[in-house]
Amino acid sequence: MKRAIVLMNMGGPNNLGEVKVFLRNMFNDKYIIGAPQPIRALIGQIIISKRLKESQENYRKLGGMSPIVGHTKRLVRRLNKELGADVFYEMRYTPPFASDIMPKLIGYDEIYAIPMYPHYSSTTTKSSIEEFIKVAKKYNLDKKIKTIDSYYDNKFYNKAIVERIKEALKGENSEDFELIFSAHGLTQKIIDKGDLYQKHILANVECAKKELEEQNISFKKIHVAYQSRLGPMEWLRPYMEDKLKEIKSKVIIYPISFTVDNSETQYELDMEYKEVAHKLGIKDYRVARTPNSHRYFIEAISEIYEGMK
Ligand SMILES: C=CC1=C(C)c2cc3[nH]c(cc4nc(cc5[nH]c(cc1n2)c(C)c5CCC(=O)O)C(CCC(=O)O)=C4C)c(C)c3C=C
Ligand SMILES: [Fe+2]
Ligand SMILES: [Fe+2]
């Protein structure tokens, strides 16, 4: 039996020229912008014309590309060594797209498509799975695909989260810190349509808290906030910038939406919100890394894969 694993993520620019490709594909996704065509394309164009320069500038500060690329490649290399299957990755908005890797999957008996999103959302999980199956149909591979909707409650995944929080503590006393679980935002409108994302985020926070308790790690206070708001719509609250105003001590931010670091963690949290925190008088502001290639996350993916068989 020949088995392939495909990690699915949203992607990020591989170079500055790809910033436009990334934004264009994102805002052309009906699960991100609900309006029908041609209105969707128009809204996309308006947002891109407003954001492109700033967005390129942000990626320039990150070395001219999104960190998501390197972290994903490293994870795939580690998994290839440790799992009994060939591991690939594909991205929703930047190359390699599903259509780029599909020819490589010909000849496999089973294809395990694993979203890099632990929480189900129509904007991420559903969009990725639907696109992957659509492309697979062209190659008559769709019947071979197995997939999974969410895994925020996986024990090893939550152990990886706690290890990353411990790394950020650098041996200091957790009771001197407040902890903020920061999730990528979503518009309230999408939640009102029944999207499970917020429920899954809050359930993930409970799993991570339980893991912290089991390891006797306690914080002054634990919070949840949402980052990356964009445009005039109402997004999930509390917003990160409001939450930071409540913080009275040293703080650790854990970016809970992501399994690999990306521009939202290494730019928005590491640089932008850090400056906001400093202006608010928060002297010690730390961002924990996401699971990336932590051995517990490798264990988590291994367990998720075995469970899908
Ligand atoms: C406008 C609507 C957006 C929705 C809805 C949304 C949902 C969503 N996104 C992620 C994860 C990531 N988003 C990233 C970047 C990003 N997201 C939006 C917009 C929406 N996201 C924009 C405009 C951008 C680009 C930011 C910029 O260019 O400055 C990234 C980073 C990718 C990278 O390049 O590293 C991630 C990851 C989730 C999990 C989610 C809903 C659950
Ligand atoms: Fe996003
Ligand atoms: Fe952002």
Side-chain angles (χ1 to χ4, degrees), residues 7-16 18-35 40 43-44 46-73 91-95 115-128 149-150 152 182-193 195-202 204 225-236 239-241 255-273 276 290-292:
L7 304 183
M8 299 185 290
N9 209 344
M10 82 177 6
N14 292 282
N15 52 63
L16 290 179
E18 256 179 39
V19 177
K20 198 169 182 181
V21 175
F22 174 61
L23 294 175
R24 199 190 320 112
N25 286 332
M26 178 185 290
F27 294 119
N28 206 20
D29 184 341
K30 66 174 184 218
Y31 291 113
I32 294 278
I33 306 284
R40 185 160 73 238
I43 296 173
I46 293 167
I47 305 176
I48 291 166
S49 68
K50 279 191 177 167
R51 272 207 71 83
L52 185 62
K53 277 253 152 56
E54 187 191 329
S55 191
Q56 278 174 333
E57 207 39 55
N58 300 350
Y59 286 107
R60 197 189 306 280
K61 288 178 194 145
L62 288 169
M65 70 194 300
S66 166
I68 205 169
V69 179
H71 291 300
T72 304
K73 285 182 180 165
M91 301 296 200
R92 182 74 181 84
Y93 306 132
T94 50
M116 294 302 282
Y117 312 106
H119 327 92
Y120 188 83
S121 172
S122 55
T123 59
T124 53
T125 328
K126 186 175 187 184
S127 173
S128 285
D149 280 351
S150 65
Y152 60 83
S182 175
H184 188 298
L186 206 57
T187 57
Q188 188 58 46
K189 194 175 162 199
I190 294 176
I191 299 292
D192 293 343
K193 279 193 207 154
D195 196 287
L196 290 172
Y197 176 72
Q198 186 182 26
K199 278 197 191 84
H200 284 187
I201 288 289
L202 296 176
N204 192 165
Y226 297 89
Q227 65 180 95
S228 327
R229 192 160 50 103
L230 184 86
M233 312 259 287
E234 180 69 16
W235 285 63
L236 280 172
Y239 301 149
M240 187 62 165
E241 59 265 37
I256 197 160
S257 290
F258 315 112
T259 48
V260 289
D261 278 297
N262 58 77
S263 67
E264 301 293 295
T265 63
Q266 292 187 216
Y267 181 74
E268 190 165 74
L269 290 175
D270 282 2
M271 301 184 206
E272 283 188 321
Y273 282 116
V276 173
T290 61
N292 291 327

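Keep in mind that what you see is a predicted model, and the values were worked out from it rather than measured. Ligands are counted one by one from 1 in listed order, and the atoms in each one are counted from 1 as well.
- In this pair, W235 and H184 present their aromatic rings tilted. The plane angle is within the 30 to 60° band.
- A donor-acceptor pair is defined here as one N or O able to donate and one able to accept, closer than 3.5 Å; such a pair exists between the side chain of T125 and the backbone of H119.
- Near M26, with a cut-off below 4.0 Å to any heavy atom, the atoms of ligand 1 are 16 (C), 17 (N), 18 (C), 19 (C), 22 (C), 23 (C), 24 (C).
- Proximity of W235 to ligand 1 is established by a heavy-atom distance of less than 4.0 Å.
- Below the 2.8 Å limit, the Fe ion (ligand 2) has as protein N, O or S neighbours H184 NE2.
- Side-chain N/O atoms of Y31 and S121 include no donor and acceptor closer than 3.5 Å.
- Among protein heavy atoms, the minimum distance from atom 26 (C) of ligand 1 is reached at E264 OE2, 3.8 Å.
- Of all atoms in ligand 1, numbered sequentially from 1 with element shown, those under 4.0 Å from a heavy atom of L186 are 5 (C), 41 (C).
- Under a 4.0 angstrom heavy-atom cut-off, R51 registers as being in contact with ligand 1.
- Close contacts of ligand 1 with F27, meaning ligand atoms under 4.0 Å from a residue heavy atom, involve 1 (C), 23 (C).
- Backbone and side-chain nitrogen or oxygen atoms of T123 are examined, and none is located within less than 3.5 angstrom of a nitrogen or oxygen of ligand 1.
- The closest approach between G11 and ligand 1 falls below 4.0 Å for a heavy atom of the residue.
- Counted by atom type alone, E18 and T94 present zero donor-acceptor pairs between their side chains at under 3.5 Å.
- Under the 3.5 Å distance criterion, the side-chain polar atoms of T290 are matched with a main-chain donor or acceptor of D261.
- The environment of K61 atom NZ is dense: over 12 non-hydrogen atoms of other residues, nucleotides or ligands sit within 6.0 angstrom.
- Residue contacts with ligand 1 do not include A183, since none of its heavy atoms lies under 4.0 Å from the ligand.
- In this structure, the separation between CE on M8 and CE on M91 is 12.0 Å, given to the nearest 0.5 Å.
- From the protein, the heavy atom lying nearest to atom 4 (C) of ligand 1 is I32 CD1, 3.8 Å.
- Not a single heavy atom of Y267 sits closer than 4.0 Å to an atom of ligand 1.
- Of all atoms in ligand 1, numbered sequentially from 1 with element shown, those under 4.0 Å from a heavy atom of S66 are 33 (C), 34 (O), 35 (O).
- Summarising the geometry, atom OH belonging to Y267 is positioned 4.0 Å from atom CD belonging to E272; distances are rounded to the nearest 0.5 Å.
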